[in-house]
Amino acid sequence: MAEKTDLNKVVDKVLVSEEELQRRIAELGAQLSEDYEGKDVICVCILRGAVHFFSDLVRHMTCMTELDFMSISSYGNGKRTSGIVRIAKDMDTSITGRHVLIIEDIMDSGHTLKHLKKVLEAREPASLKICCLLDKPSRRECDITPDYTGFVIPNEFVLGYGLDFNNFYRNLPYVGVLKPEYYE
Ligand code: IMP
Ligand code: MG
């Protein structure tokens, strides 16, 4: 880790380093390229958390891709998500009859992606899959698993590489664990 700046002073430890991120993302890209070979796929970045993962991942995909963006927010009190998801920005592309890959930062309780999946399935895509950089299966409250996962992580609050703590720290180049004293 670099010296203690305002950014990394809240970080307890690095959970996934830049090198580990890039190595695994290259593997995921190769796997997706194989699975979607000969098809074209709409890759949907879920803003804002997936921004770096999406950008790095699609550059490892060798199949035909269209890139689109959605911004969603979950209503909930405090750190719990309610499962009621508001689409703040919808994608621009029509997905009916198309292959769609949702690219998200993390699956926690699973409520957000379960709801999003239901919304997108109603538009009748040819296929709909979920690729998450991180998965916290111990926190799951619904019956859903990502089709592709970068790293399975323990039940700790993480930040960096797109993930925020109070809307900051998304520009840390690695995934770190938040120091316990910052976590109310
Ligand atoms: P879920 O609906 O509980 O699966 O919530 C998923 C959303 O919660 C993610 O898209 C993140 O925005 C946020 N989230 C869950 N865990 C963390 C974490 O450890 N750090 C930062 N954001 C998180
Ligand atoms: Mg998110």
Side-chain angles (χ1 to χ4, degrees), residues 14-73 85 87-108 110-137 140 142-154 158-164 169-176:
V14 176
L15 188 67
V16 192
S17 70
E18 288 184 69
E19 294 71 27
E20 289 169 313
L21 283 167
Q22 292 311 319
R23 197 180 323 123
R24 180 69 186 122
I25 291 167
E27 279 175 15
L28 278 174
Q31 179 71 56
L32 288 162
S33 303
E34 211 177 294
D35 294 357
Y36 287 100
E37 198 191 334
K39 299 182 177 134
D40 55 63
V41 56
I42 304 173
C43 296
V44 187
C45 175
I46 307 303
L47 298 170
R48 291 170 270 176
V51 58
H52 307 307
F53 176 46
F54 175 84
S55 171
D56 286 341
L57 181 64
V58 296
R59 285 181 287 169
H60 285 287
M61 292 173 67
T62 54
C63 51
M64 295 290 285
T65 62
E66 278 187 62
L67 309 185
D68 210 333
F69 301 84
M70 272 183 105
S71 177
I72 56 179
S73 55
V85 174
I87 298 180
K89 184 224 173 291
D90 204 340
M91 67 178 83
D92 295 319
T93 319
S94 162
I95 63 169
T96 308
R98 305 286 308 276
H99 297 289
V100 177
L101 179 67
I102 300 171
I103 300 177
E104 173 62 311
D105 54 358
I106 188 166
M107 190 182 282
D108 190 40
H111 288 301
T112 305
L113 281 164
K114 181 145 192 175
H115 182 88
L116 181 65
K117 208 173 165 189
K118 203 172 82 187
V119 168
L120 296 186
E121 257 160 9
R123 300 179 188 179
E124 302 184 337
S127 71
L128 180 63
K129 297 236 160 114
I130 297 173
C131 178
C132 283
L133 176 66
L134 307 171
D135 185 13
K136 278 192 217 171
R140 201 75 86 250
C142 13
D143 172 28
I144 186 168
T145 317
D147 299 284
Y148 300 90
T149 303
F151 300 88
V152 173
I153 62 165
V158 291
L159 73 175
Y161 196 67
L163 291 115
D164 74 299
Y169 307 103
R170 295 190 196 271
N171 57 323
L172 281 170
Y174 55 84
V175 176

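Note that the structure is a prediction, hence the values are computed from the model and not measured.
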Could you grab the distance from atom [atom1] of [X] to atom [atom2] of [Y], nearest 0.5 Å is fine?
X	Y	atom1	atom2	value
His60	Arg24	NE2	CZ	12.0 Å
Glu18	Gln22	CD	CD	7.5 Å
Ile102	Cys45	CD1	SG	11.5 Å
His99	Leu128	NE2	CG	11.5 Å
Tyr148	Leu101	OH	CG	7.0 Å
Asp105	Asp135	CG	CG	11.5 Å

Check whether any side-chain heavy atom of [X] sits under 4.5 Å from a side-chain heavy atom of [Y], and report yes or no.
X	Y	answer
Leu67	Cys43	yes
Met107	Arg140	yes
Leu134	Leu15	no
Leu47	Phe54	no
Asp40	Arg98	yes
Leu113	Cys132	yes
Cys63	Lys39	no
Leu28	Phe53	yes

Side chain [X], main chain [Y], donor-acceptor under 3.5 Å:
X	Y	answer
His52	Arg170	yes
Asp68	Val44	no
Ser33	Gly29	yes
Lys136	Ile106	no

I would like to know whether Tyr161 and Asp56 meet side-chain contact (heavy atoms from CB on, under 4.5 Å); could you show each step before the answer?
CA-CA 11 Å; Tyr161 196 67; Asp56 286 341; 2.5 Å; yes

Distance-only criterion, 3.5 Å: show the donor-acceptor pairs between side-chain atoms of residues 114-124 and protein atoms not counting sequence neighbours.
| unit_1 | atom_1 | unit_2 | atom_2 | d |
| --- | --- | --- | --- | --- |
| Arg123 | NH1 | Asp90 | OD1 | 3.1 |
| Arg123 | NH2 | Asp90 | OD1 | 3.4 |
| Arg123 | NH2 | Asp90 | OD2 | 2.7 |

Residue pair Leu32, Val41: steps toward the side-chain contact (heavy atoms from CB on, under 4.5 Å) verdict
CA-CA 10 Å; Leu32 288 162; Val41 56; over 6 Å; no

Testing the basics here: between Cys131 and Leu57, what is the closest heavy-atom pair and its distance to 0.1 Å?
SG-CD2, 3.9 Å

Salt-bridged, Glu20 to Arg23, with N to O below 4.0 Å?
no

